[in-house]
Amino acid sequence: MQGEEYEGVDTPWTRLATEQRARLAALPRALVILLENNLAHEDDPAPYVDLFERWLVDASLEAELPFRPSRILLQDTAGVAVLADLAALRDHHVAFGGKPESVDAAIPIDLVIDHSVRVDHSGTADSLSRNLTLEYERNQERYSFFKWARHSFPRLNVVPPGNGICHQINLEQLSEIATALPGHPDWIGAQTVIGTDSHTTMVNALGILGWGVGGIEAEMAALGFSLPIPLPDVCEVHLTGKPQPGLTATDIALHVTACLRKVGVVDRIVEFDGDALDVLSLPDRAAIANMCPEYGATAALFPVDEETLRYLAAMGRDAPAIARYRAYARTTGLWREAGPKRRYSTSIEIDLGALEPVMAGPYRPQQLRALPHVPTSLRDTFPQIGESLDRATPGDGAIAIAAITSCTNTANPALMIAAGLVARNAVQRGLRVPPWVKTSLAPGSRHVADLLQRAELQQYLDNLGFNLVGFGCTTCVGNSGDLKPEAGIAVEDGVLFTAILSGNRNFENRIHPAVRANYLASPPLVVAAALAGTLMIDLSSDAIGHDSQHQPVLLRDLWPTPEEVTQALTRAARNRAGVTTPGTDDEAWDALPAATSACFSWDAGSTFIQPPPFFREAGNLRTGDILDAAILLRLGDNVTTDHISPIGRIMPESPAGLYLQAEGVPIARLGSYGDRRANHHVMLRGTFDNARLDNALADTPGNRTTNPSGAICSVFEAATAYDKQGIPLVILAGEHYGVGSARDWAAKGTALLGVRAVLARSFERIHRNNLIALGVLPVLLPADLDLTALDHAWRISLLGLDTLAPGRNDLTLRLTGPDDRIAHETTARADLRSQSQFALLRSGGILAQLRERYGA
């Protein structure tokens with residue numbers, strides 16, 4: 001950044017004078033990457049360079065940048081919707097006389113099939129193969145569609161089932177720190193990535209800037225358009241201290257999540273530095289970066305250093321690539337020790353030496369609980385919980401699901417080895433897992449599974465029922481399968497069950513509909529809790545169980561020392577020869593039928609894949625003031641995309657379940673919403689279909705609201721009734737509306753239900769952007785406005801939409817009572833952050849823009 005160049009490295013920074021580069025060296029690393037992106041792709045980068053110069057003055061500036069990512073990462077349930085949209089757009093373009101290849105991917109896309117494997121079988125040696133077989137049987141139609149897309153879009157790469165989780169594969173196999181820039185073969189630039197899963201930020205651990213987006217933004221980038229993004233504030237997180245023995249990377253990641261969620265980093269980028277990086281391995285950093293959506297930031301960037309390069313070399317990057325990464329990072333100032341003191345918007349410090357082992361729950365990742373306080377958190381959340389002192393049978397607080405799952409922690413060799421050592425120590429003491437606990441192990445990649453085999457620890461995990469069940473997200477995304485019969489019977493008797501998992505999300509109703517409380521924990525702690533069989537004890541001091549000599553066994557008796565973990569990792573490194581872990585079924589993938597036509601041949605009778613409605617017609621382009629809208633839902637704080645977007649099992653009595661049964665689908669084959677994400681008929685009916693949705697307009701939680709006459713019905717039925725009467729709809733909510741995964745269908749479903757605006761106290765970044773992309777207006781409610789009296793008989797008007805523009809966000813909010821009199825009128829603000837967002841709303845959203853652009 002100060003003009004020093006390394007051999008063989010020519011970057012876009014050569015477009016700037018030496019003195020200008022020196023001034024800009026004080027930028028945070030994330031902004032260095034964003035500025036380089038403008039230097040690389042804009043014909044005249046001077047206006048953008050000026051914005052970064054101005055940012056340095058106050059470490060903050062309201063401005064907008066064009067951003068062109070290097071590549072796109074998709075997982076299968078979001079990816080199928082993206083590819084269906086592109087296929088439908090291609091049909092639309094061809095119908096207007098265009099060429100099919102004009103609708104194509106302009107940049108590389110990697111789609112990893114990881115969200116579809118379910119834990120139908122567990123606890124047996126053949127669980128892995130049986131679950132993979134069922135996955136292919138259930139998803140043949142979708143997977144054939146992926147094979148067609150791979151043929152029709154040459155820049156699309158598909159990673160078949162059985163290989164791992166997209167973020168771990170991205171970390172291990174797909175990522176480069178620096179790469180040649182398209183159109184500039186002599187330039188090397190930072191690789192950047194956007195993904196349709198919010199945990200795309202895991203790649204930030206490598207010093208690569210990437211974040212989660214909605215599927216519609218991914219479609220725009222895929223088609224070659226730049227993405228307008230705000231010039232962000234950047235928060236420095238200075239990590240100090242050395243973790244105490246027994247503290248895991250999971251504990252650190254959960255502490256960081258709670259701290260940053262409290263500080264408030266929504267819409268900001270977080271950058272980590274400090275001496276503590278010396279003791280954090282790359283997988284440790286990846287766990288922290290992976291949790292970025294849980295603390296609300298856009299990205300969570302680590303610097304590049306020798307640990308970064310050591311990891312990439314271990315993952316197979318060759319010596320020339322490592323040399324290129326090192327030279328590039330030093331040249332551009334992305335190297336950990338490079339550059340002058342950097343300018344940040346805010347700075348905080350976290351002392352790793354002050355942290356303690358924790359869990360997070362019962363339904364938010366930021367609900368940090370020291371181990372002695374876990375039982376209290378259950379009693380506080382569920383006052384009706386009983387005291388169960390008989391641990392021979394499941395009582396309230398019993399663990400129904402114990403899952404080592406998720407990209408967050410299964411990417412970490414030390415964590416997985418520690419879990420294996422806890423299992424070894426438990427087996428050697430004669431401990432067993434209670435019969436009501438469903439245990440499972442789903443590593444994020446085959447590399448990690450091989451590691452457990454080479455360390456000679458998988459056998460002990462198998463002994464406790466933690467057999468391999470698949471290489472995918474499984475329990476973390478709710479694909480947990482059925483409970484064990486012993487738990488199922490107890491559920492019918494009213495027992496309040498819990499789950500413990502090494503995942504990143506634990507929202508209500510996410511893990512299993514019969515499990516009321518979900519706790520996040522490290523893999524070794526998952527094993528220990530499974531042995532205890534309940535979370536109503538203090539795992540740090542109470543007996544986990546009793547050994548073959550009837551002596552109590554405590555957590556400290558099972559927990560490995562750091563030296564034991566190191567020894568096991570060394571043993572694994574020695575035992576490289578002759579270890580292979582089954583996990584893929586190449587023959588099944590190769591045997592899938594796939595069309596080779598330029599345009600997809602839609603099957604009108606398919607219940608899995610239907611052409612989306614967004615390009616067939618002009619649609620209901622709703623602009624202008626919103627007059628006398630009805631309230632579809634009145635919700636509280638922390639409504640997640642799990643509450644909004646169709647997710648989990650399709651229940652037979654749900655609107656989607658009834659629709660599919662009417663289409664001839666038997667109840668046993670209804671499957672999940674993820675299976676049918678490319679069928680808008682199913683997804684529309686499943687929007688807000690969550691058993692834990694707490695809508696103040698309904699009498700009980702769930703998929704319930706009021707129709708125009710005030711009768712209770714499903715959300716889909718109510719929206720249909722309002723639409724028949726020509727009544728627009730709005731949703732009311734509290735703080736942090738839309739927290740959670742980057743699900744495009746949370747916005748698509750909202751728009752297709754006829755909702756014109758969501759009025760909330762605050763929004764999470766990705767969902768707010770997705771709403772705008774679909775033409776739905778996000779509105780910030782005044783803090784002092786009391787909405788508790790409002791029901792189906794009230795009407796809401798938003799006036800002044802036609803005059804919205806940057807700097808003019810105010811609207812008039814009018815509340816009209818049941819007597820048709822105006823009860824209240826006040827000012828609210830449209831939560832639009834940039835010129836492009838105002839333009840999007842005026843045009844009806846991105847899909848409406850694409851319909852016009854490719855229909856000309």
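Numbering starts at 1 and runs along the sequence shown. The model shown is predicted, which means the values in this text are computed figures rather than measured ones.
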Q: Is the backbone of Gly296 close enough, under 3.5 Å, to the side chain of Arg765 for a donor and an acceptor to pair up by distance?
A: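 Pair absent, no side-chain N/O of Arg765 close to backbone of Gly296.
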Q: Are Arg261 and Glu764 ion-paired here, with the side-chain N under 4.0 Å from a carboxylate O?
A: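 The answer is yes: the pair qualifies as a salt bridge.
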Q: Are Asp305 and Arg285 within salt-bridge range, i.e. N to O under 4.0 Å?
A: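 Salt bridge flag = yes for Arg285 with Asp305.
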Q: Using side-chain heavy atoms (C-beta onward) and a distance below 4.5 Å, is Leu457 in contact with Leu421?
A: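 Side-chain contact under 4.5 Å: yes.
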Q: By side chain to side chain donor-acceptor pair (under 3.5 Å), which residues pair with Arg429, not counting sequence neighbours?
A: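 For Arg429, the residues satisfying side chain to side chain donor-acceptor pair (under 3.5 Å) (neighbours in sequence not counted) are Asp547.
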Q: Can you see which heavy atom on Thr641 is nearest to which on His767, and at what distance?
A: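 Taking Thr641 first and His767 second, the nearest heavy atoms are CG2-ND1, 4.3 Å.
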Q: Does a donor on one side chain sit under 3.5 Å from an acceptor on the other, for Thr405 and Thr474?
A: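 Their side chains do contain a donor-acceptor pair, which is all the 3.5 Å distance test asks for.
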Q: Any idea which heavy atoms bring Phe466 and Ser440 closest together, and the distance?
A: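 Of all heavy-atom pairs spanning Phe466 and Ser440, the closest is CD2-O, 3.4 Å.
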Q: For Glu486 and Pro435, which heavy atoms make the closest approach, and how far apart are they?
A: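 For Glu486 versus Pro435, the nearest heavy atoms are OE1-O, 3.3 Å.
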Q: Could you report the tightest heavy-atom contact between Ile766 and Ser198, atom names first, then the distance?
A: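 Minimum heavy-atom separation between Ile766 and Ser198: CD1-CB, 4.1 Å.
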Q: Is Glu508 salt-bridged to Arg364, going by a charged N under 4.0 Å from an acidic O?
A: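 Looking at Glu508 and Arg364, the cut-off is met.
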Q: Say whether, by atom type as modelled, one donor and one acceptor occur between the side chain of Lys438 and the main chain of Ala487 under 3.5 angstrom.
A: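 No; judged by distance alone, with no hydrogens or angles, the pair does not exist.
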Q: Checking Arg571 side chain against Ala455 main chain: does a donor-acceptor pair fall under 3.5 Å?
A: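 Judged by distance alone, yes, a pair lies under 3.5 Å.
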Q: Yes or no on side chain to side chain donor-acceptor pair (under 3.5 Å) for Gln168 and Ser445, after CA distance, side-chain angles and deciding distance?
A: CA-CA 7 Å; Gln168 195 158 335; Ser445 73; 3.2 Å; yes
Q: Mind checking whether Phe272 and Phe302 have parallel, tilted or perpendicular rings, split at 30° and 60°?
A: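 If you compare the ring of Phe272 with that of Phe302, the planes turn out parallel.
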Q: Could you give me the CA-CA distance, side-chain angles and deciding distance for Asn163 and Val112, then say whether side chain to side chain contact (heavy atoms under 4.5 Å, CB included) is met?
A: CA-CA 8 Å; Asn163 282 281; Val112 181; 5.9 Å; no
